[in-house]
Amino acid sequence: MKINIKEEHLIIKPYNSQTSVYVREQKGFYQKIRRYINWLLMFIFIAVPFVQFNDQQAVLLDVVSQEFRIFNMTFWPQDFTLLAGIFMVAAFALFFITSWIGRVWCGYVCPQTVWTLAYVWVEHRIEGTRNQRIALDKAPWTLNKITKKVLKHSSWLLMSLFTATTFISYFVPVDELYRGLFDFGLSGVVTFWLLFFGVVTYGNAGWMKEHFCIHFCPYSRFQSAMFDKNTFMVAYDNKRGESRGPRKRKDDPKELGLGDCVDCNLCVDVCPAGIDIRNGIQYECINCGLCIDACDQTMAKFNYAKGLISYTSEQALAGKKTNRFNLKLVSYASLTLIFTALLVFAIDSRIPLEANVIRDRTALYRVNYAGVVENTYTVKILNKTQAPLHFDIKVDSLTNSELTLPKNVLISAGTMREIPITLAIDGYELEKKITHFNFIIQAIEKPEIVLQKNTVFFRN
Ligand code: SF4
Ligand code: SF4
């Protein structure tokens, strides 16, 4: 038995905003899982900006001051190489999951799916079941229709604005944002982004819905490259289901020459992507499992075994063993683990201190009235921690000299200070005209926060 992959089902269809999908609400095992996951993800999304850590907002990506705080860690634009690491981990994790269990990311956790599900839920509460919604859209504009449409779109708009406000509160301190919102005191920039994300959410979750997944999401275009015969995907058992056809519950399908598919069309009605899984695997399928719930419900009514549509692999449908440890899957899993370990190591070994040494550009050296050679430097120190720290500045390789170096320099959390330093050394103490040495900058309270910066000393 082969999974029926027809070439026409992998062809991307042109966008048509008129072909709306009227999704039938479905209850069942997989829908329950989706709902729980959706509630959990929404709760996390809404709650995180309100979490406090050390009397500060725990997660705040402050774009204006270029300071990205996540609990006890603060990242700066200089740390953006870590972002590349995060993208690598996310990409390989996605490849691994997709090779293993298909597009479950799309069906269960993608924000587009999560929000669309919530918007459809509201639509269902206001406009009624699938058939009632189809009838309402076809009906002339009466007071009842206008009231329902106004109520639905107002609810969607409120949800969109709330989503946008929550999203912005990851970038603007939450107390400042909500105070500004209720006082009408938000800045023009914040107001713009709030409205922008509000409109984008309303358009995506309310209007675009599955069209976004089918026509705009880049992931749907290349995910089929990661599928193979061992990938778990939602599939219809063609051999068992065909030939399909209606029948009465007491009829014996064998006598009628029928398979187990009673052609109730429920699997199509509940599909958020608007496809018929009986036609084979299609790129629009987001692996949400709603058609499985619908079909299992029908199978139970007819006293047939469940699983006419199921999460399965091409191998399993062919009666063969699914190889869960195939080379591709193991490679993706290994790469995900390796990049995760590297990322954790990079974050863990990151020193929350940035320093730069700039030599005086006007003169290589000066000889003072006592005949001692002077070189002047500016040491810039950025305290990347969330607490004020005192720093000592020392030098190596010039230890014979009695140097007066700054001690106990206080630098507030998240700020940079410039410290001018003049090193005065008797030229006879130095063998070469150019001596390489390091400035050593060390936090007094946390000696493990230490940096060395190489520079040179010139003599006459
Ligand atoms: S075919 Fe089934 S699993 Fe795929 S999107 Fe439709 S309902 Fe979800
Ligand atoms: S839900 Fe099951 S029985 Fe009904 S049409 Fe789909 S495959 Fe056939």
Side-chain angles (χ1 to χ4, degrees), residues 1 3-6 9-10 12-13 19-35 37-38 97-98 101-110 112-114 116-117 120 130 209-215 217 219-220 223-224 227 231-249 251 253 256 258-314 317:
M1 180 71 229
I3 295 177
N4 191 14
I5 307 175
K6 292 178 184 167
H9 297 131
L10 297 172
I12 293 159
K13 294 163 192 160
T19 53
S20 293
V21 177
Y22 293 91
V23 182
R24 183 189 181 114
E25 200 172 55
Q26 178 61 42
K27 290 192 172 70
F29 178 70
Y30 293 106
Q31 177 67 340
K32 205 182 265 182
I33 293 176
R34 285 179 94 216
R35 275 211 198 291
I37 291 177
N38 283 8
I97 297 278
T98 308
I101 39 181
R103 288 181 70 183
V104 283
W105 159 267
C106 303
Y108 290 83
V109 284
C110 172
Q112 175 71 23
T113 309
V114 171
T116 301
L117 189 67
V120 169
R130 177 178 185 272
K209 292 178 183 156
E210 76 289 346
H211 290 300
F212 185 89
C213 312
I214 296 168
H215 301 284
C217 175
Y219 178 48
S220 70
Q223 37 92 23
S224 59
F227 294 170
T231 303
F232 275 92
M233 285 179 289
V234 173
Y236 167 74
D237 189 338
N238 225 23
K239 194 175 165 191
R240 183 184 147 193
E242 301 298 319
S243 42
R244 68 188 77 162
R247 79 282 317 255
K248 294 200 177 77
R249 284 185 206 187
D251 289 343
L256 299 170
L258 293 171
D260 279 358
C261 174
V262 303
D263 211 9
C264 62
N265 220 43
L266 270 183
C267 52
V268 181
D269 291 350
V270 300
C271 177
I275 57 173
D276 186 342
I277 194 66
R278 294 172 298 171
N279 292 335
I281 292 168
Q282 292 143 75
Y283 77 91
E284 297 99 327
C285 176
I286 57 170
N287 248 14
C288 65
L290 290 186
C291 52
I292 302 178
D293 284 338
C295 191
D296 280 352
Q297 189 181 304
T298 302
M299 293 296 106
K301 275 186 195 153
F302 281 80
N303 254 335
Y304 298 166
K306 288 180 181 179
L308 178 56
I309 303 175
S310 64
Y311 280 104
T312 187
S313 69
E314 191 176 341
L317 278 178

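Every number for a ligand or one of its atoms is a count from 1 in the order of the listing.
For a distance bound of 2.8 Å, the N, O or S atoms of C264 include none lying that close to atom 8 (Fe) of ligand 2. Using a cut-off of 2.8 Å, one finds that C291 contributes no N/O/S atom close to atom 2 (Fe) of ligand 2.
Contacts with ligand 2 closer than 4.0 Å are made by backbone heavy atoms (N, CA, C, O) of N265 only, the side chain lying farther away. Proximity of R244 to ligand 2, defined as any heavy-atom pair under 4.0 Å, is not found for any part of the residue. Under 4.0 Å from ligand 2, not a single heavy atom of V268 appears.
When only non-hydrogen protein atoms are considered, atom 6 (Fe) of ligand 2 lies nearest to C267 SG, 2.3 Å. Scanning the protein for heavy atoms near atom 3 (S) of ligand 2, the closest one is V262 N, 3.4 Å. With hydrogens left out, the protein atom closest to atom 8 (Fe) of ligand 1 is C288 SG, 2.3 Å, a heavy atom. Considering only non-hydrogen protein atoms, atom 5 (S) of ligand 1 sits nearest to I286 N, 3.4 Å.
Taking every heavy atom of V234 and a limit of under 4.0 angstrom, the matching atoms of ligand 1 come to 3 (S). Ligand-side atoms of ligand 1 in range of I275: 1 (S), range being under 4.0 angstrom from any heavy atom. Annotation for ligand 1: atoms under 4.0 Å from non-hydrogen atoms of G289 are 3 (S), 8 (Fe). In summary, the atoms of ligand 2 found under 4.0 Å from a heavy atom of C261, numbered by their order in the structure, are 3 (S), 5 (S), 7 (S), 8 (Fe).
Atom CD1 of I33 is separated from atom CG of N38 by 11.5 Å, given to the nearest 0.5 angstrom.
Atom CZ of F29 is surrounded by 12 or fewer heavy atoms from other residues, nucleotides or ligands within 6.0 Å.
Annotation for L290 and P272: closest pair CD1-CD, 4.0 Å, computed over non-hydrogen atoms. The shortest heavy-atom contact between N238 and R278 is OD1-O, 4.3 Å. Across every non-hydrogen atom of I292 and I309, the tightest pair is CG2-O, 3.4 Å.
Tested against Y304 for a side-chain contact (heavy atoms from CB on, under 4.5 Å), the candidates D296, D260, T298 yield a single pass: D260.
For the pair M299 and ligand 2, a heavy-atom separation below 4.0 Å is found. Residue contacts with ligand 1: V270 is excluded, as none of its non-hydrogen atoms falls under 4.0 Å.
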